[in-house]
**Q** 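Okay, here's the structure, questions in a sec.
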Amino acid sequence: MELIKALENRFGAHRVKSIQNPFHTDQELIVLLLELDVPVTIVMTASLSEYKMPVLDKWVGREFNEIYFCLPTYWDFEDHTNPNSSWIYNWIYKLERFVRDKNTWYGPGHTIPTGNPEVPISDLMQQEYFIFLDPILLQKELSPVNIQGKTIQFLSIVPIFGDELDFKMGKGTQKFVRRFIQRNYDEKLDDYRKSVLTSRLRFF
């Protein structure tokens with residue numbers, strides 16, 4: 001696969017592996033084992049970029065995407081029995097199938113609820129929505145790749161709270177991302193992250 005070759009060229013073959021989704025074996029995934037200041041594991045789609053998204057005019061040039069989760073060091077992506085981490089596999093499958101089946105598109109700032117009504121992602125991850133964002137922590141590592149005349153972008157899948165969704169809808173994606181980064185948050189999943197709208201001040 002050309003994408004895997006491009007990622008191997010970028011990171012080294014020993015840091016790139018192809019796996020089947022353990023719960024949906026018709027989906028191939030790519031795992032990146034990256035050595036940053038703190039090591040991270042990336043689980044991303046492998047063939048979503050074969051689908052040309054019908055983007056709006058202002059997004060021309062961003063028709064081809066792969067989506068990914070950035071996992072923290074305390075998660076074991078190979079432990080498929082732990083519902084507090086294995087949920088990523090069902091969701092990355094749902095999100096890929098949705099955009100293809102609905103013939104729609106994802107771009108930075110697009111949001112998806114966890115259900116109707118919304119439910120927390122897991123016992124630990126209490127967020128009820130996902131937002132797609134351009135890489136923050138991995139801005140350099142996951143810059144676009146050019147393959148056979150296509151520019152493939154990478155979009156992170158980031159859990160957010162209901163009040164964060166309201167803020168983003170009211171103030172816009174840029175202001176939300178700015179506040180997100182100001183709180184030293186990025187796309188790396190964090191079971192203990194608080195809302196960007198939660199005051200950092202504590203009164204005793």
Side-chain angles (χ1 to χ4, degrees), residues 1-7 9-10 24 26-30 32 42-70 88 90-116 118 121 127-183 185-189 195-197:
M1 178 187 287
E2 292 299 319
L3 177 59
I4 289 179
K5 289 179 183 176
L7 294 172
N9 289 337
R10 181 175 288 189
H24 305 277
D26 57 327
Q27 184 189 41
E28 183 181 3
L29 298 171
I30 296 173
L32 303 178
I42 309 303
V43 176
M44 72 164 56
T45 51
S47 59
L48 180 57
S49 58
E50 294 173 3
Y51 163 66
K52 184 177 182 180
M53 296 186 181
V55 301
L56 300 177
D57 288 346
K58 76 172 190 173
W59 294 104
V60 168
R62 299 200 58 149
E63 297 92 342
F64 303 101
N65 294 275
E66 299 293 349
I67 56 178
Y68 71 91
F69 285 111
C70 179
I88 63 169
N90 280 321
W91 270 108
I92 203 166
Y93 181 81
K94 286 181 185 178
L95 292 170
E96 177 170 3
R97 290 309 325 165
F98 177 83
V99 73
R100 288 177 178 271
D101 292 347
K102 300 297 184 182
N103 192 31
T104 185
W105 66 289
Y106 294 145
H110 285 188
T111 53
I112 298 283
T114 56
N116 185 16
E118 301 84 355
I121 295 168
Q127 293 92 319
E128 298 175 331
Y129 301 87
F130 294 103
I131 188 170
F132 294 100
L133 296 177
D134 284 325
I136 301 171
L137 176 67
L138 301 169
Q139 182 178 15
K140 181 179 73 172
E141 287 78 9
L142 290 182
S143 59
V145 296
N146 295 297
I147 298 173
Q148 297 177 331
K150 293 194 307 188
T151 299
I152 299 174
Q153 311 275 343
F154 299 99
L155 282 174
S156 64
I157 313 166
V158 179
I160 61 171
F161 296 97
D163 60 350
E164 293 177 321
L165 174 72
D166 292 340
F167 180 87
K168 177 260 175 185
M169 297 297 287
K171 302 291 187 179
T173 299
Q174 287 187 337
K175 286 189 176 180
F176 169 74
V177 172
R178 192 176 306 127
R179 181 170 289 202
F180 196 73
I181 293 173
Q182 285 172 346
R183 292 293 294 265
Y185 294 152
D186 52 46
E187 69 265 36
K188 185 166 62 178
L189 299 180
S195 167
V196 298
L197 302 176

**Q** So which heavy atom on Glu141 is nearest to which on Leu137, and how close?
**A** OE1-O, 3.8 Å
**Q** Report yes if the side chains of Phe130 and Ile121 come closer than 4.5 Å at any heavy-atom pair, otherwise no.
**A** yes
**Q** So Asn90 and His24, do their side chains get closer than 4.5 Å, heavy atoms only?
**A** yes
**Q** For Met1 and Glu28: C-alpha separation, side-chain torsions, deciding distance, then whether side chain to side chain contact (heavy atoms under 4.5 Å, CB included) applies.
**A** CA-CA 11 Å; Met1 178 187 287; Glu28 183 181 3; 3.4 Å; yes
**Q** Please check if atom CD in Gln139 has more than 12 non-hydrogen atoms from other residues, nucleotides or ligands closer than 6.0 Å.
**A** no
**Q** Is a side-chain donor or acceptor of Glu187 paired with a backbone partner of Phe69 at a separation under 3.5 angstrom?
**A** no
**Q** Ile147 versus Leu3: any side-chain heavy-atom pair under 4.5 Å?
**A** yes
**Q** Looking at Leu197 and Arg179, what are the two nearest heavy atoms and their distance?
**A** CD2-NH1, 3.0 Å
**Q** Table please: side-chain donor-acceptor pairs of residues 151-162 below 3.5 Å, with sequence neighbours left out.
**A**
residue	atom	partner	partner atom	Å
Thr151	OG1	Asn146	OD1	2.7
Ser156	OG	Leu133	O	2.9

**Q** Tell me every residue that passes ring-ring contact (aromatic ring centres under 6.0 Å, His included) with Tyr68, counting only those two or more places apart in sequence or in another chain.
**A** none
**Q** Between the main-chain N or O of Lys168 and the side-chain N or O of Lys175, is there a donor-acceptor pair closer than 3.5 Å?
**A** no
**Q** Please assess Arg10 against Val145 for the test side chain to side chain contact (heavy atoms under 4.5 Å, CB included), listing each intermediate value before the final yes or no.
**A** CA-CA 9 Å; Arg10 181 175 288 189; Val145 296; 3.1 Å; yes
**Q** Check whether any side-chain heavy atom of Ser49 lies under 4.5 Å from a side-chain heavy atom of Asn65, and answer yes or no.
**A** no
**Q** Quick check: closest heavy atoms across Val196 and Arg183, and the distance to 0.1 Å?
**A** O-NH1, 3.1 Å
**Q** Looking only at heavy atoms, what is the nearest atom pair of Asn103 and Pro54, with distance?
**A** O-CG, 3.4 Å
**Q** Give the intermediate values and the outcome of side chain to side chain contact (heavy atoms under 4.5 Å, CB included) for residues Met44 and Leu142.
**A** CA-CA 11 Å; Met44 72 164 56; Leu142 290 182; 4.2 Å; yes
**Q** Can you list the residues that meet the ring-ring contact (aromatic ring centres under 6.0 Å, His included) rule with Phe167, with sequence neighbours excluded?
**A** none
**Q** With sequence neighbours left out, write down each residue that passes side-chain contact (heavy atoms from CB on, under 4.5 Å) with Lys102, or none if nothing qualifies.
**A** Phe98, Thr104
**Q** List for me each residue that meets side-chain contact (heavy atoms from CB on, under 4.5 Å) alongside Gln27, sequence neighbours excluded, and say none if there are none.
**A** Asn21, Leu29, Thr45, Ile92, Tyr93, Glu96
**Q** Within a strict 4.5 Å, meaning less than it, do heavy atoms of the Ile30 and Val43 side chains meet?
**A** no
**Q** For residues Tyr51 and Phe64, determine if any side-chain heavy atom of one lies less than 4.5 Å from a side-chain heavy atom of the other.
**A** no
**Q** Look at the aromatic rings of Phe132 and Tyr106 and report parallel, tilted or perpendicular, splitting at 30° and 60°.
**A** parallel
**Q** Listed by chain and number, what are the ring-ring contact (aromatic ring centres under 6.0 Å, His included) partners of Tyr129, not counting sequence neighbours?
**A** none
**Q** Nearest 0.5 angstrom please: Leu32 CG to Leu7 CG, how far?
**A** 5.5 Å
